[in-house]
K.L.:
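So that we are looking at the same thing, I have put the structure below in structure tokens.
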Amino acid sequence: MSNISYFIRHNISGFLFYIQTIWNIKKSIFILTASDSILGAAVSFLWIYFFKYLLDYMAEGEYGKAVLWVLICICSSEMVERIKDYINRKRDNAFFDVNTELETKLAELSVEIPYEKIENADTIQQFEMSYKCLARNYLAVYTDGLVNVASALLVISGVGVISVALGWWVSAILFLVIIANAACYVMQSRYEVESFNKETAVGRQLEHARYWLTEKSRAKEVRSYILQDFVVEKMEEYNEKYFKVLRSFNKKEKKAYIGVCLLNGIQMATVYSYCAYLFFQGELTAGDFMLHVSALLSLSSSITRLLEALIDVYKNNQYIDGLKLCLGMETEAISREAFAEELESIEFRDVSFRYSGEDKNALNHVSFTLHRNEKLSLIGENGAGKSTLVKLLAGLYLPTEGQILINGKAIEPERVNYLPLFSMIFQDYTIFNFSVGENIDMGKGIPRDVCKGMLDEIGLGHIGPETYISQIFSEDGIELSGGENQKLAMARALCKDAPVVILDEPTAALSPQSEYEIYQKLRKLTHDRSVIFISHRLSSCRICDRVLLLQEGSVKAAGTHDELMESSPEYREMFNAQAMLYR
């Protein structure tokens, strides 16, 4: 009973969300959908009455009327189908507008909600389901399901009215059969929903495995490690899981299917026999006999269509539910004004931070000040807290304890957007499959000659701004090396007019010689900006004004390179160990 209750509540919730969303964006879809439902039911009734009047006219010898009736039915049916095609085209265009607006909302929402939600696995899955809902046009598919439901209900109601002429008990039998059929379909739908949920989980694994052999970055790993047999075995394993779910569903479905077939058979045999009896008794004309038989056949198909449509609506609800949850985050979106002052200093004052669900701090009582145009190097082993510190610095997270001050005032990330202050290259930076110039400009309107000048400065002068990355959008596209990708990411960061540049492992993919050249250029290109270098490699320390050594989330040592070589055994050991590699 609880499953049925959840089924009903879930569908009603999804239906109300659908109504509200479509009403706010494209009200005309309701008119088109209602018209489609009515026309679909009208065609069904037309063919229910087709044989009645045809046989009546033939029995009365009115052959001209019979021919005319056939022409009217055929032409009317064809005209209704053409109108329905036109309605469906109009509705498809309307849903294109709906999907476009919702995609825009999702894109805006993804950058307006708190950053910690974007790093949450549930939020990521909800956004994935939302984009899949729009990409596969599930709102339109959901509408088709509603059209089938509405048309089927209209036909069932009409057949109920027609059956009253045969006697109340016939209507009672039809009603009981509908109830029994519904019970069988509820049982079947429960199995189908369970199967759908399991198929979805296994299907994701199977879809993921298929891309291992063809997706570029994974294909290299598969070939270099000779993983073909392993991947094929995984695909066979997931296929077996998938078919196991289907076999289990088919086995359970048989009972409900047999029940539906038996009930429909009993219903048709009973009503058909009774109609035949009345016909031979002279109480029904041949036309009336065919009317009731046609109505009976339409009733059976309409019940099947209705219950199948309800199951399809529920399935589509799974994706629409993700969209509903995502758009429901709109209340958490933050509308903020950009920080407009000239930057003088950024201070961490006794800052500690702990990630949600963790039992220990990622940062512990960190204090330091970054001054205007100062170059600061953050160094430390993996897990020392370097990347966490940068996320706090950019306002992506709030400190668990302590304060972050900009120009001597505590930050207010709920009211002020501090991201325009920073130009950042993260370890997992992204190079888009657009042109080189677009990768640098990113919609900011940077002149071509500025992009070209930055490419020359950064060591990519042999690549033009119009050159495309990869061949996805251009046959003349090129593949960049790891070092070239990193230089392009630097060019993007330096072209952003931000007073603070944050470089997280900026030279990890470069050779020592290229690293030295890049650091010299960076020093020159950022003479009027503050720069934070984050790296395991300590070569950046020689060009920085100050160095912060982080260990286990705390500042272990701070000072210039020369000062730390004298005062910090940990720093001296790290530096000398790396220097040995280049001797």
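Excluded from the calculations below are hydrogen atoms, water molecules and symmetry mates; all remaining heavy atoms, backbone and side chain alike, are included.
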K.L.:
I need the Ile425 CD1 to Phe533 CZ distance, nearest 0.5 Å.
P.N.:
10.0 Å
K.L.:
Could you check whether any side-chain heavy atom of Phe348 comes within less than 4.5 Å of a side-chain heavy atom of Ser367, counting everything from C-beta outward?
P.N.:
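Side chain of Phe348 against side chain of Ser367, heavy atoms only: no contact under 4.5 Å found.
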K.L.:
Check Glu552 against Asn364 and note the closest heavy-atom contact, atom names and distance.
P.N.:
O-ND2, 3.6 Å
K.L.:
Who are the salt bridge (Lys or Arg N to Asp or Glu O under 4.0 Å) partners of Glu341, not counting sequence neighbours?
P.N.:
Lys409
K.L.:
With side chain to side chain contact (heavy atoms under 4.5 Å, CB included) as the criterion, how do Leu327 and Leu102 come out once you've worked through the C-alpha distance, each side chain's angles and the decisive distance to 0.1 Å?
P.N.:
CA-CA 9 Å; Leu327 294 178; Leu102 289 175; 3.8 Å; yes
K.L.:
Looking only at atom types and distance, does a side-chain atom of Arg349 sit under 3.5 Å from a main-chain N or O of Gln403, one as donor and one as acceptor?
P.N.:
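Side chain of Arg349 to backbone of Gln403: no pair is present.
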K.L.:
Any donor and acceptor pair, going by atom type alone, linking the side chain of Asn439 with main-chain N or O of Phe432 inside 3.5 Å?
P.N.:
yes
K.L.:
Checking Thr388 against Tyr397: is there a side-chain donor and acceptor pair closer than 3.5 Å?
P.N.:
no
K.L.:
Could you walk me through whether Leu460 and His462 pass side chain to side chain contact (heavy atoms under 4.5 Å, CB included), step by step?
P.N.:
CA-CA 5 Å; Leu460 294 176; His462 60 288; 4.1 Å; yes
K.L.:
Could you tell me which residues satisfy ring-ring contact (aromatic ring centres under 6.0 Å, His included) with Phe339, sequence neighbours excluded, listed by chain and number?
P.N.:
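Result, ring-ring contact (aromatic ring centres under 6.0 Å, His included) vs Phe339: Tyr418.
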K.L.:
In Å, rounded to the nearest 0.5 Å, how long is the span from CG of Leu323 to CG of Leu106?
P.N.:
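Nearest 0.5 Å value for the CG-CG distance: 6.0 Å.
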K.L.:
Determine whether Leu405 and Ile411 satisfy the following criterion, side chain to side chain contact (heavy atoms under 4.5 Å, CB included), listing intermediate values before the conclusion.
P.N.:
CA-CA 6 Å; Leu405 300 93; Ile411 62 170; over 6 Å; no
K.L.:
Between the side chain of Ser530 and the main-chain N/O of His371, is any donor-acceptor distance below 3.5 Å?
P.N.:
yes
K.L.:
So do the side chains of Ile431 and Arg492 get within less than 4.5 Å of each other, counting heavy atoms only?
P.N.:
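In short, these two side chains touch, coming nearer than 4.5 Å.
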K.L.:
Testing the basics here: between Leu421 and Pro499, what is the closest heavy-atom pair and its distance to 0.1 Å?
P.N.:
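Smallest heavy-atom distance, with atoms named: O-CD, 3.2 Å.
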K.L.:
Determine whether a donor-acceptor pair (N or O, by modelled atom type, separation under 3.5 Å) exists between the side chain of Lys375 and the backbone of Thr526.
P.N.:
yes
K.L.:
I'd like to know if the side chain of Arg529 and the backbone of Leu494 have a donor-acceptor N/O pair within less than 3.5 Å.
P.N.:
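Side chain of Arg529 to backbone of Leu494: a pair is present.
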K.L.:
Out of curiosity, Ile320 CD1 to Leu134 CG, how far, rounded to the nearest 0.5 Å?
P.N.:
10.0 Å
K.L.:
Ion pair present between Glu374 and Arg546, side-chain N to carboxylate O less than 4.0 angstrom?
P.N.:
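Result for this pair is yes, salt bridge flagged.
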K.L.:
Determine yes or no for a side-chain-to-main-chain donor-acceptor pair under 3.5 angstrom, with Ser470 supplying the side chain and Asn433 the backbone.
P.N.:
no
K.L.:
In terms of the angle between their ring planes, are His561 and Phe575 parallel, tilted or perpendicular, with boundaries placed at 30° and 60°?
P.N.:
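If you compare the ring of His561 with that of Phe575, the planes turn out tilted.
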K.L.:
Between the main-chain N or O of Gly437 and the side-chain N or O of Lys452, is there a donor-acceptor pair closer than 3.5 Å?
P.N.:
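No; zero donor-acceptor contacts below 3.5 Å.
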K.L.:
Between Phe353 and Leu389, does the side chain to side chain contact (heavy atoms under 4.5 Å, CB included) criterion hold? Intermediate values first, please.
P.N.:
CA-CA 9 Å; Phe353 178 76; Leu389 189 149; over 6 Å; no
K.L.:
Any donor and acceptor pair, going by atom type alone, linking the side chain of Thr369 with main-chain N or O of Glu347 inside 3.5 Å?
P.N.:
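Pair absent, no side-chain N/O of Thr369 close to backbone of Glu347.
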K.L.:
Can you check whether Glu342's main-chain N or O pairs, donor with acceptor, with Asn407's side chain at less than 3.5 Å?
P.N.:
yes
K.L.:
Output all residues satisfying ring-ring contact (aromatic ring centres under 6.0 Å, His included) with Phe422, sequence neighbours left out; order by chain, then residue number.
P.N.:
none
